[in-house]
Amino acid sequence: MFEHLSIHTLVHIVVALIFPPFLLGVINRVKATFGGRRGQPLLQAYFDLRKLCSKESVFSETTTWVFRFGPVVGLTTALVAAMIVPLGHASAPLSFTGDLILLAYVLGLGRFFTMAAALDTGSAFCGMGSAREATYACLGEPVMFLGLLVLARVTGTLSMSGLLGTELLAGWGGAAAALILILVSWFVVLLVENSRIPFDDPNTHLELTMIHEVMVLDHSGPAFGLILYGAAIKLFVFAALIVRLALPVQTGYAAADWIIFLAGTVLVAILISVVESVMARLRLPSIPSLLVGAGMLSLLSMILVLVKL
Amino acid sequence: MTSHELILISGLTALASGFPAALLGKKANAAQALSTLILVAANGVGAYAIYRWWIDGPIAPLTLPSPIAGVSVSIAIDGISAFFLVPILLVTALASIYGLQYWKQSEHEDNGRGVSFFLNLMTGAMTLLVVAHDGLMFLAAWETMAVSALFLVATEDHIAETRKAAWLYIAASHFATLCAFGVFALLFAINGSWDFATLKETGTPMAVALAALAFFGFGTKAGIMPMHIWLPTAHAQAPSHVSAVMSGVMIKMGVYGIVRVCTFFPEVPLSWGLFVLAMGTISAILGVAFAVGQHDIKRLLAYHSIENIGIIIMGLGLALVGRAEHEPVWVLLGICGGMLHVWNHALFKSLLFFGAGSVIHGVGTREIDLLGGLSKRMPATANCFLLGAVAICGLPPLNGFVSEIMIYLGLFRVATTPAATAASAAVFAAPGLALVGALAAACFVKVYGMVFLGAPRSEQAAHGHEAGKAMIGPMLVLAGCCTLIGVAPIVVAPLLDRMAAAWGGQAIGELTIATAAPLAAISIVAGIVLALLLAGTGFLLLRGIRRAPSGLTWDCGYAAPSARIQYSSSSFAETLVKLFGWALQPKVHLPKIEGLFPKDADFESHVEDTVLEKAVWPTTHAVTWLFSWGRYLQSGSLQAYLMYILVVVVFLLLWR
């Protein structure tokens, strides 16, 4: 599984470690422009991370080790996910048959501990966030898997690097309709998994309506920095999925591939911020309908490829 | 001695091992300890028997004389038996040790002896059940097991609910046994022998009936939805270490029955495979959906058994689809995933029931909404429970992930087969399994969070105490096994291969599980995850989290927070319960708000078993009503009975 251990692996790891917070900056900048403001510097997320790391944490008396451990698990699982998804050039460093299941489940592990850490505070608000996260994950997960199944059938491979590799190019020739449906439903999954409008408003000031932000309400200092960093990497991973699905192009030149890929992720970030700028957050009870809708799209896509190929 | 003789000794010793506890006085803890010691020794002999079988390879079945003239019974160990023996031997021994502190005979004068006796009896019966090589031996062991379990469920029979659970259990169990009788009667009718062997003819209605009886009969014991009706109450009412054995091992005997009967059929139609897969998926999804709605910790765990049996049956269904389509990889991944999940579920579900038992022992309630904050008072129990919870959700790097990834991979293999055969219907099970995983995570975050984290919700919970060493020890052993299989799944590969060869034979060929599933990669990923976790923890420690100041939880400036404003298990599950409302039919009792200054009001909501309430009870009531008409015949007067005889005689005379 380490046959790609080379300069490409190194570039992959470095990009996955360094680039993600930049996307947060892009999103904030585009949203500010929409709102007629100048906005934060593009690198604000990096500054925030540095600031948080040098601060002191405060922990609630109610909490146990789970609360302190939650952010570590969240970051770890996001990093492992970023090692499974192929980014710009060549395969991902961690690539084996069945790694697509690991991708979904390792993110699930992160979610488990984030939710448990939230319950550890004993706060009603954290409980609310945790319950919502658990509920929407139940609806998002099958959509994700239907997409993976469709890609597996289109490309005939069972690893993320194959699923989102050059085999997909032929798929776009033969099963474009199905892939467009998956693209749409995965974008919906990206929004819900990363707590974006219309599912959750990361900038709201009312704890009652939040999902992700309210779960991490009690975290502070370096631990909160880990959470922020982990969230950025998770967003990057989902953006990478979208980019590689939409543009499975491999020019053969590493530099060109990386430029196309990174430009793609920035485009996804801009798309997210456009959605966030033109839409309001949905009422909580209507969120399941949107997710079930995305599920129906992927189901349709699945039927298309089952019948077609 | 041969492996067969050894396993016979092990089973018979275990059967008898309960006598010291039963006979040596009501309060004798020493007698209980002696019984446990004998059982552990018997199970040790069983483990040695498996080792001998591993070394010596297959030998001829051991034939024993039976009390019925002209009929002999026989026992044999094959890959499938050995595979099922491991969890039986391990979990029952641990449960018996756990019981030394959890259910001391000195503290339970009226039922302590019964629990020790029947738990050991059931162990011996299960050991003999999986090595039975013919229908008669199987049925004898099966019924011993089923009846011992009845007495175990009815341990606290002074409670009305327990009596109800026991009656329901025995009714369902009788149905299962009746079907098992049917299965082996048909086997005898087709083959002319009670021995387990391939059927001589498989296309006939008799063979189809045999398969159907096996699935529904053994499926009742296993707890496949909708035959699961007995399971939630029985598991909730039995003592926790008994629940651990019942959920971890006994219901797997139903799975064993189905798996064994599959070997009678050299060829299976595709429709059977798809049917079994569909039943497994339904059972998994609805099992976990019902679990989400529960607020009794043991009832909740019981519904998770239904879910996990569903996952096991999904694996089996996948393997059957593979056999029908002649795809060795599907067969191997399906049967290995399903059977490894039998082990895994035995490990983490017993761990969770032991944990729940510790909570009940330390606090005195099963009601999740009355618990909370126990992590501080019972750290060992809490951490073991957390490990079991992560494992049962199928999350890496623990054992649940290994078996689930095998089943997923098999289903994805179906999807990548280019031809659009009917088999491709199987791919719809994969998103179902994903849904199950997410629901299980939601449910176990709920349980772990509500029981062990936050602030205590009641006075009892605030004074809970940690369990003793005999209770913690078995939990640590199980936690260790869960971690070992999760981190180094290659250790179980050889046994899995032998099991698969015994089940699939030429349908699998030379394929091994280590080549079909990424076992080495799982270990590497586990290593990476653990290394990163250590690094992250190290970073936080360097940043001084140990010296960090502490304060109150931020509750948005609310002046007088209390433990009661925490989210409760019902509120946590509310949206999910509503989403599955069509199946769960939650019952909600809303308070009436009257006047400007309303008085105290109560809100209550609970999820009952829909199949039992909406289908089984109405049906049984209707049947009872129907048969009540028969009472008119039984008037009690002698003249009437004489008249019946006369009518029948006249009828027979006229008919002939």
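The sequence lines fix the lettering, A, B, ..., with proteins before strands; numbering per chain opens at 1. All of these numbers come straight from a predicted model, not from anything done at the bench.
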State the [atom1]-[atom2] distance between [X] and [Y], to the nearest 0.5 angstrom.
X         : Y         : atom1 : atom2 : result
Ile528(B) : Thr76(A)  : CD1   : OG1   : 11.5 Å
Leu75(A)  : Phe539(B) : CG    : CZ    : 9.0 Å
Leu158(A) : Thr416(B) : CG    : OG1   : 5.0 Å
Leu409(B) : Ile101(A) : CG    : CD1   : 4.5 Å
Leu439(B) : Glu141(A) : CG    : CD    : 10.0 Å
Gln566(B) : Thr62(A)  : CD    : OG1   : 7.5 Å

>> I'd like to know whether Leu533(B) forms a side chain to side chain contact (heavy atoms under 4.5 Å, CB included) with Phe69(A), so could you lay out the CA-CA distance, the side-chain angles of the two residues, the decisive distance to 0.1 Å, and finally the verdict.
In response: CA-CA 9 Å; Leu533(B) 288 180; Phe69(A) 197 55; 4.0 Å; yes
If you take all heavy atoms of [X] and [Y], which pair is closest and at what distance?
X         : Y         : result
Leu435(B) : Pro142(A) : CB-CG, 3.8 Å
Leu149(A) : Ala415(B) : CD2-CB, 3.6 Å
Ile405(B) : Gly98(A)  : CD1-O, 3.8 Å
Ser130(A) : Phe572(B) : OG-CE1, 3.5 Å
Ala116(A) : Leu453(B) : O-CD1, 3.2 Å
Ala124(A) : Tyr567(B) : O-CD1, 3.9 Å

Heavy-atom pairs under 4.5 Å with chain B: which of [options] has the most?
options                                    : value
Asp218(A), Val292(A), Val58(A)             : Asp218(A)
Ala223(A), Pro285(A), Cys53(A)             : Cys53(A)
Thr121(A), Ile84(A), Asp99(A)              : Thr121(A)
Cys138(A), Pro222(A), Gly225(A)            : Cys138(A)
Val106(A), Leu146(A), Val72(A)             : Val72(A)
Leu299(A), Leu100(A), Val143(A), Thr155(A) : Leu100(A)

Select one option (side chain, backbone, both, neither) describing which atoms of [X] are under 4.5 Å from chain A's heavy atoms.
X         : result
Phe452(B) : neither
Leu552(B) : both
Leu386(B) : side chain
Val292(B) : neither
Glu574(B) : neither
Cys393(B) : both

Residue pair [X] / [Y], side-chain heavy-atom distance below 4.5 Å:
X         : Y         : answer
Phe96(A)  : Val525(B) : yes
Leu306(A) : Phe428(B) : yes
Arg132(A) : Thr575(B) : no
Leu579(B) : Pro288(A) : yes
Pro549(B) : Glu56(A)  : yes

>> Tell me if the aromatic rings of Tyr105(A) and Tyr408(B) count as close, with their centers under 6.0 Å from one another.
In response: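 Yes, the ring of Tyr105(A) comes within the 6.0 Å limit of the ring of Tyr408(B), centre to centre.
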Is it the backbone or the side chain of [X] that comes under 4.5 Å from a heavy atom of chain B, or both, or neither?
X         : answer
Leu139(A) : side chain
Met302(A) : side chain
Thr157(A) : backbone

> Does the pair Tyr448(B) and Leu119(A) meet the rule for a side chain to side chain contact (heavy atoms under 4.5 Å, CB included), with working shown?
Replying inline: CA-CA 9 Å; Tyr448(B) 176 70; Leu119(A) 290 178; over 6 Å; no
> Looking at Gly536(B), Ala434(B), Ala382(B), which one has more heavy-atom pairs under 4.5 Å with chain A than the rest?
Replying inline: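 That would be Ala434(B).
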> Using a cut-off of under 4.5 Å for heavy-atom pairs, which of Ala548(B), Ala531(B), Ser550(B) has the most such pairs with chain A?
Replying inline: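 Between Ala548(B), Ala531(B), Ser550(B), the count favours Ser550(B).
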> Could you walk me through whether Thr97(A) and Arg413(B) pass the side chain to side chain contact (heavy atoms under 4.5 Å, CB included) check?
Replying inline: CA-CA 10 Å; Thr97(A) 307; Arg413(B) 291 260 179 226; 3.6 Å; yes
> Should we count NZ of Lys376(B) as having more than 12 external heavy atoms under 6.0 Å?
Replying inline: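 Yes, NZ of Lys376(B) has more than 12 neighbouring heavy atoms, counting only those of other groups under 6.0 Å.
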> Counting distance only, does the side-chain N/O of Arg153(A) pair as donor-acceptor with the main-chain N or O of Thr417(B) below 3.5 Å?
Replying inline: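 Side chain of Arg153(A) to backbone of Thr417(B): a pair is present.
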>> Whether the side chain of Lys446(B) engages the backbone of Ala131(A) through a donor-acceptor N/O pair (distance < 3.5 Å, no angle test) should be reported.
In response: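 It does not hold such a pair.
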